[in-house]
Every structure is written in C-alpha cells, then in structure tokens.
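Presented below is the structure to which this report refers.
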Amino acid sequence: MKAEGIYNINAGEIQMKFSQILIPTLREAPSDAEAISHKLMLRAGFVRQLASGLYIYLPLGWRVINKINRILKEEMDAIGAQELSMPVMHPAEIWQTTGRWNEIGAEMFRLKDRTDRDMCLGMTHEEIMTWLASREIRSYRDLPQVWYQIQTKLRDEARPKSGILRTREFQMKDSYSFDADENALDINYKAHADAYHRIFSRCGLKFYQVESDTGMMGGAAAHEFMAPSQAGEDDIVLCDKCGYAANVEVAKSKASDNKLQEWEYEEIHTPQKRTVKEVSHFLKIGHEYFIKSLLMIADTKPVLVLLRGDQELHEKKLAKIIGNFRAASKEEILSILGVEAGFIGPVGHKIRTLADSSLMTGTYISGANKSDYHTRGIKAGVQFNAEWNDLHAAKEGDQCLNCNTPLRIEKAIEIGNIFKLGTKYSVPLKAVFLDNNGNEKPIVMGSYGIGPARIAAAAVEQNNDKDGIIWPKSIAPFDVEIIPLNVTDEKTKEVTEMIYKGLVTEKLEVLVDDRNERPGVKFKDADLIGIPIQVVIGEKGLKEGIVEVKDRMTKQTEKIAVENAVAKIISFAP
RNA sequence: CGGGGCGUAGCGCAGUCUGGUAGCGCGCACGGUUCGGGACCGUGAAGUCGGAGGUUCAAAUCCUCUCGCCCCGACCA
C-alpha cells in the first residue's frame with residue numbers, strides 16, 4: 001500500500017486504485033493463524049482481528065461479503081421471501097416465554113438497561129420473528145409469510161476459532177416461514193432447500209446437503225449444508241452410491257460384515273489383557289469379533305452398554321434413550337457388577353442392558369466377568385439379551401443402511417441449515433391464526449440460516465494455491481485487476497485508462513494496481529488477493545500492440561491485441 | 001470449562017535456562033542505483049519487553065498474582 005499513485009485523484013477517471021484503497025498485504029501471516037482461509041485473508045488484507053472472535057472487514061473483505069449478500073437477497077427474493085430488519089438487542093421476557101432464557105447458558109450475551117431491565121443480544125431471531133407474527137398475523141388468509149434479514153448475531157462462543165469461521169459476532173441471513181399446516185411448511189422448506197442449492201452453487205462452492213440434528217432449535221426435521229474442507233468442524237457421512245448424506249451426529253450405518261465363527265462357548269485365559277485392542281492382539285482376532293461392554297451411570301442407575309469391538313459409542317444417541325449419563329468409575333464397576341474393569345462381558349448381569357444392533361448377529365468374544373478371563377462363542381439371544389438400538393458412531397468403511405455401500409467420511413464447514421420448527425415457538429408466544437372454520441391454530445414455522453462469512457471462508461478453503469486465494473468469479477472483490485508495470489510510461493498509462501474505462505462501462509468491477517512498485521511485488525500481491533482475471537500491461541507488449549490476460553486459476557496467459565482487450569476480458573468475466 | 005502453548009518495534013522472531021540496562025529479518029521514512037515474479041546500497045524513525053506487585057545494587061530474564069491471544073478437547077441457534 002502506497003500513498004502515491006501515478007493518477008491524480010482529481011483527474012478522477014480511475015476510481016479503484018490500489019494505491020488508495022486500504023489493502024494491507026502481509027508477506028508473512030501472523031503466527032496465531034492456523035486455518036488456510038484465516039492465513040490468506042489476513043495476508044491478503046481482507047480482515048483484521050480486533051479481539052478473540054471479533055473481526056474487522058477491510059475494504060476487500062467487505063466487498064466479498066456484500067457480493068455474497070447480494071446473491072443471498074436475490075435468491076431469497078426469488079422464493080418470495082420479504083426482507084426486513086430486527087433489533088439486535090432484545091428484552092429478556094420474550095426469551096423467558098419460550099424458555100430459552102434459561103436453557104441457553106453463557107453463550108448468550110446478557111445485559112441490563114438503565115432501568116435494570118434484563119436484556120440480551122440476539123443469537124438468533126426465532127423469538128422476535130414469532131413475536132412479530134403473533135401481533136400481525138390473524139387469519140389463514142395472511143399465510144404463508146416468509147421473512148428474512150441479514151443481521152448481526154452475537155454469541156459468546158466458548159471457543160472462537162479459525163479466523164472468520166467461528167466468531168462471536170457475525171452476520172447471518174436468517175429467514176422464517178409461517179404456515180397454516182405441516183404440508184404448507186413442507187413447501188417452504190423445499191423452496192428454501194432449493195434456493196440454498198442455487199446460492200451455494202452460485203458462490204462457487206462444493207457442498208452437500210446432509211441430515212442433521214435439530215439441536216436446541218427443536219423441531220421435526222433439519223438439514224445442514226456442508227462445504228467439505230479440512231478446516232471444517234463437522235464430520236459428514238456420505239454414500240457415493242445412493243447419495244445418503246448425514247452429519248455424524250445423526251448418521252446411521254451398518255457395521256461392516258464379519259464372518260460367522262464356529263466357536264464353542266468357552267472361557268479363555270487372557271492374563272492382564274483388558275482392552276479390546278489388547279485382547280484382539282493377544283488372540284490375533286480382529287476387533288469386529290469382540291463385544292465392548294461399558295458401564296454407564298444414568299440418574300444414579302447403572303446401565304450396561306454393549307458395542308461391537310470396532311465401533312465407538314455415540315454418546316448423543318445413547319443420551320436420547322437414557323438421558324444424561326457418565327462412565328462408571330473402576331470402583332463402581334467392581335461394586336455394581338462384581339467384575340474388574342476390563343473383563344466385563346454381557347452375560348449374566350441383572351441391570352438394564354442396551355446393545356448396538358450390529359451385535360444381533362454373529363458370534364463374539366467378550367469379558368468372562370472374572371479377572372484374566374474372556375469368553376468365546378457369545379451369541380445374542382443365546383447367552384444374553386438386551387434392548388437393541390443404534391448406539392454406534394458411523395465411521396469410514398461402515399455400510400450404508402440403504403444400499404450396503406461402504407460409507408465415506410469428510411470434514412466440512414457448516415455454511416447453512418434449515419429447520420422445521422413446527423409450533424415450538426408459536427405456541428408459547430401465542431402466534432396463532434383462525435383457519436377457514438374459525439378455529440384458532442398455532443402457526444407452523446420453519447427457520448433457515450446462512451452465514452455469509454462462512455461462505456467466504458469456505459470459498460477460500462476450497463480455492464487456493466501456494467500463491468494465494470483464487471476467488472470464484474461470483475464473489476471476488478473485483479472482477480478484474482489491471483497491472484500496469486511501468487506506471488511512469490505514458491503509453492502504459494493511456495492503455496490502462498482505456499481498458500479500465502471500457503470494462504467499467506460494461507459494469508465490471510476493476511482494480512488498478514497503480515503503485516509505483518516493481519513488477520514482482522505487483523504479481524505477488526495480485527496472486528495473493530486472488531482476483532480472477534489479471535490484465536498485465538507492459539512496455540514490451542505494448543510495442544507489439546498487445547496486453548496479457550491471465551486467468552488466476554489456471555495461470556494461463558493470453559496475449560491479446562490492445563484494441564481487442566476489452567471485448568476479450570468481458571468474455572472471461574462472470 | 002479441562003489440557004497445552006505463546007505475549008519483546010507494524011509483522012515474523014532471537015535474547016529468558018545462567019539477572020548487568022534490548023537485537024535480527026521484513027515493513028516504514030529519506031537519498032541514490034535499479035525495474036517482467038516479493039531488488040540493492042546508505043541514512044534514519046520506531047519498543048511502558050502484556051499488566052501489577054515482589055526479590056535484588058541491578059529484572060525482558062527470578063518469584064507471586066493478573067490480563068490477553070492461539071491450539072486440542074468439552075460445548076455449540
């Protein structure tokens with residue numbers, strides 16, 4: 001960034017001059033950046049950190065966010081959603097009415113106004129949107145309604161991370177649908193899902209729509225939109241054959257096949273071998289032929305949980321059945337089961353027993369319920385019985401429940417989500433309407449979110465190389481960067497202005513690197529910043545009457561006659 | 001909230017173990033030479049060593065407390 005440029009600002013032809021826009025590029029990334037997108041956005045001068053989880057968007061960063069927001073608005077408007085704007089600060093009473101004032105803990109920023117009234121900063125707007133609906137919607141004739149906003153949300157995250165990916169203050173496009181019944185909700189839900197597909201495609205992202213947990217939103221169904229990336233915080237389970245896609249939090253899977261073993265029911269001596277790993281190694285038999293027996297304590301009551309040796313317990317799935325629980329201590333295992341930890345087996349206990357469905361078939365090895373012994377030849381229904389449930393976490397290589405294909409797991413960034421809320425908010429907040437028979441009914445709602453900053457971060461994660469960012473054309477801060485090499489050369493100046501004007505006239509957004517810097521510096525910065533098309537104007541080329549047009553992604557350069565340059569560049573543009 | 005790490009010039013770091021009055025590279029300012037992939041020479045500006053207290057003749061360095069930031073985990077509309 002330099003204060004001096006070759007063009008006099010008062011002469012005023014070229015507006016977007018590198019020398020005058022705040023683009024503080026960095027040769028090295030600050031050491032506390034970890035994620036690729038974080039490092040690149042910092043280095044390329046898109047963002048700066050104010051405090052943990054609080055980011056400043058510099059001019060380039062803000063242009064990207066606004067490009068994304070433009071797409072969001074276009075697609076929301078296209079499904080008939082109406083943009084409005086809600087306050088960021090809310091009175092506590094509304095949140096108390098739905099119960100979330102107490103359900104949500106430290107994650108909600110809370111404060112008092114001068115009259116000592118409890119307030120909070122909005123983490124989301126279900127309450128407020130529903131409050132509005134409760135006052136303004138009376139009749140089935142008023143439905144459906146879809147309202148949306150692109151608004152700041154505040155959440156006191158336990159652990160902000162990865163730059164812009166998980167922050168304490170962020171924008172969200174949140175929309176809310178209001179319908180007379182479930183069928184109508186389904187239509188709005190589908191419309192949003194379709195709009196989301198268009199939005200993420202237009203933003204140039206690779207993404208999946210996956211089944212997801214309803215979490216604290218409650219409600220009947222939910223999907224997340226996931227952009228695969230190493231920087232992602234979620235794992236998603238994918239079937240390449242039938243298209244099954246789910247967040248691991250809710251993913252279902254079948255354990256891989258194991259061969260039927262012709263084992264007699266017998267005890268085997270396994271001195272000091274406790275874990276599945278140890279016993280498996282000792283007996284030279286795969287983990288999948290073992291039963292893992294775990295003792296859990298739920299509400300002071302012990303529960304025995306059985307899993308196949310190669311599977312892991314999915315704690316949320318278990319919690320849905322038995323409520324909150326914890327692992328029993330070694331002392332509790334001894335006093336409750338009379339067995340030393342490491343030698344527990346499924347056979348012969350009187351306590352409540354839950355088993356993963358994968359154990360219904362097959363013959364297994366497990367603890368013999370006495371020290372230093374395991375038992376071989378255990379079969380469900382013969383030696384033990386249990387309540388059968390899906391208790392294991394899906395993992396790579398498990399089989400798809402629909403088509404038996406091995407499943408894949410990918411890390412992904414959650415860029416959007418859609419929830420069928422039902423009447424969870426409309427009932428407590430009394431958002432009701434009269435149907436055509438004059439009966440009062442609660443409005444059936446849906447809620448739908450997208451984080452623009454996460455789209456930007458995911459785009460960088462998915463599109464970069466060793467030199468920097470490669471922005472998808474639709475959300476790049478500029479369409480074209482013109483790089484005049486010698487800014488003191490008259491001919492260069494002339495051609496630069498000519499091309500700039502030609503492109504601007506065609507409604508392209510153009511950045512001109514008018515800095516009096518060495519070519520190397522400009523090339524490096526251009527690659528770092530990642531504007532999709534670079535136009536290099538050099539004295540050498542001008543002598544032959546050409547300029548060079550470079551594609552940031554492919555790195556291919558084309559020599560174009562000066563007089564054809566504008567038309568050619570336009571043909572590359574989005 | 002549990003575990004780990006780090007705070008020294010705008011950025012990246014050394015110096016801390018073994019106390020002696022702060023240094024390197026990049027960047028920045030000025031002058032000159034350069035000019036198609038982060039040039040070179042010279043000159044210069046810039047640091048309450050995160051903060052408070054303590055030990056000591058003397059603290060970036062040792063001790064106590066505290067604040068901030070990052071990473072792993074837990075948590076996560």
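This structure is a prediction, so every number in the text was calculated from the model and none was measured. So you know, we letter chains A, B, ... as the sequences are listed, proteins then strands, and number each from 1.
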On a heavy-atom basis, the closest approach of A/A298 and A/F325 is CB-CB, 4.1 Å
**Study point:** Rounded distance in Å between the C1' positions of B/G68 and B/G51
**Key:** 10 Å
Problem set entry | Trace of the side-chain contact (heavy atoms from CB on, under 4.5 Å) decision for A/R48 with A/L58 | CA-CA 7 Å; A/R48 285 295 183 263; A/L58 299 174; 3.7 Å; yes
### Task
Quote, to the nearest angstrom, the C1' distance that separates B/U21 from B/G25.
24 Å
Under a 3.5 Å limit on both distances, the Watson-Crick or wobble mate of B/U16 is none
What's the gap between B/C62 and B/G5 when it is taken at their P atoms, as a whole Å value?
15 Å
Heavy-atom nearest pair, A/W101 first then A/C120, reads CZ3-CB, 3.7 Å
- prompt: Does any N or O in the side chain of A/K522 come within less than 3.5 Å of the main-chain N or O of A/R515, such that one atom is a donor and the other an acceptor?
  reply: yes
Hey, mind stepping through A/L391 and A/H314 against side-chain contact (heavy atoms from CB on, under 4.5 Å) and telling me if it holds?
CA-CA 6 Å; A/L391 297 176; A/H314 190 309; over 6 Å; no
Quiz item: When the P atoms of B/G50 and B/G31 are considered, how many whole Å apart are they?
Solution: 36 Å
The residue among A/K555, A/R552, A/R43 that forms salt bridge (charged side-chain N to carboxylate O under 4.0 Å, His left out) with A/D467 is A/K555
Is it the case that A/R110 places NZ or CZ above or below the six-membered ring of A/W95, under 6.0 angstrom from the centre and within 45 degrees of the axis? no
From CD of A/E34 across to P of B/C71 the rounded distance in Å is 6 Å
Worksheet item: Within the structure shown, what part of the strands sits under 4.0 Å from A/T557 by heavy-atom distance: base, sugar-phosphate, or nothing?
Response: nothing
On RNA chain B, more 5' by nearest nucleotide between A/F170 and A/K161 is A/K161
All N/O pairs under 3.5 Å across the protein-nucleotides 4-10 of chain B interface:
none

Test side-chain hydrogen bond (donor to acceptor under 3.5 Å, both in side chains), reference A/Q149, set A/Q82, A/H125, A/E83, A/K173, output is A/H125
Can A/V460 and A/H38 be said to form a side-chain contact (heavy atoms from CB on, under 4.5 Å), step by step? CA-CA 9 Å; A/V460 176; A/H38 188 196; over 6 Å; no
The correct set of residues in residues 49-58 of chain A placing a heavy atom under 4.0 Å from RNA chain B is A/Q49, A/A51, A/S52
Taking a pair to mean Watson-Crick or G-U wobble geometry with both distances below 3.5 Å, B/G2 pairs with B/C72
Pick out the pairs of N or O atoms, protein on one side and nucleotides 41-44 of chain B on the other, that lie under 3.5 Å.
none

Next on the checklist: If we count only N and O atoms by modelled type, under 3.5 Å, do the side chains of A/N247 and A/E414 hold a donor and an acceptor together?
Outcome noted: no
message: Distance check, C1' atoms only: B/G15 and B/A9, in whole angstrom units.
response: 15 Å
- Query: Say you pick atom P in B/G53 and the same atom in B/U61; how far apart are they, in whole Å?
  - Reply: 14 Å
ask   = For the residue pair A/Y148 and A/Y176, is the inter-centroid distance of their aromatic rings smaller than 6.0 Å?
value = no
note: A/L165, atom CG; B/C70, atom P; distance rounded to Å ~ 13 Å
key: Cationic tip of A/K153 above A/F170 ring, under 6.0 Å, 45° of axis   = no
Query raised in the report: For the ring pair A/W62 and A/F46, is the centre-to-centre distance below 6.0 Å?
Result: no
In Watson-Crick or G-U wobble terms, with both distances under 3.5 Å, the base opposite B/A60 is none
In whole angstrom, give me the gap between the P atoms of B/A58 and B/A39. 49 Å
Please list, for nucleotides 12-16 of chain B, all pairs of protein and nucleotide N/O atoms separated by less than 3.5 Å.
residue, atom, partner, partner atom, Å
B/G12, OP1, A/S31, N, 2.8
B/G12, O2', A/E28, OE2, 3.2
B/C13, OP2, A/S31, OG, 3.0

Original post:
NA contact type, A/G105, heavy-atom cut-off 4.0 Å: base, sugar-phosphate, or nothing?
Top reply: nothing
If pairing means Watson-Crick or G-U wobble with both distances under 3.5 Å, then the partner of B/C65 is B/G51
Short N/O separations, protein against nucleotides 48-50 of chain B, under 3.5 angstrom:
none

* To do: Using the C1' atom on both, measure B/U8 against B/A14 and round to a whole Å.
  => 10 Å
* Salt bridge or not for A/K395 and A/E312, using N-O below 4.0 Å? -> no
pair A/F200-A/I450: side-chain heavy atoms closer than 4.5 Å: yes
Per-nucleotide protein contact along nucleotides 33-39 of chain B, 5' to 3', at a 4.0 Å heavy-atom cut-off (B base, S sugar-phosphate only, - neither), is -BSBBBB
Indicate, with a heavy-atom threshold strictly under 4.0 Å, whether A/N417 touches base, sugar-phosphate, or nothing. base
Kindly indicate, with the supporting measurements, whether the criterion side-chain hydrogen bond (donor to acceptor under 3.5 Å, both in side chains) is fulfilled by A/T98 and A/E127.
-> CA-CA 7 Å; A/T98 61; A/E127 274 78 0; 2.7 Å; yes
Scanning all shown strands, the Watson-Crick or wobble mate of B/U33 with both distances under 3.5 Å is B/A39
Q | Centroid-centroid distance, A/F419 to A/H223, less than 6.0 Å | A | no
_Would you say that A/Y425 contacts A/R100 through its side chain, given a criterion of any heavy-atom pair below 4.5 Å between the two side chains?_
yes
Answer yes or no: are there more than 12 heavy-atom neighbours, outside A/K543 itself, under 6.0 Å from its atom NZ? no
Check: Do the charged groups of A/D156 and A/R168 touch, with an N to O distance under 4.0 Å?
Finding: yes
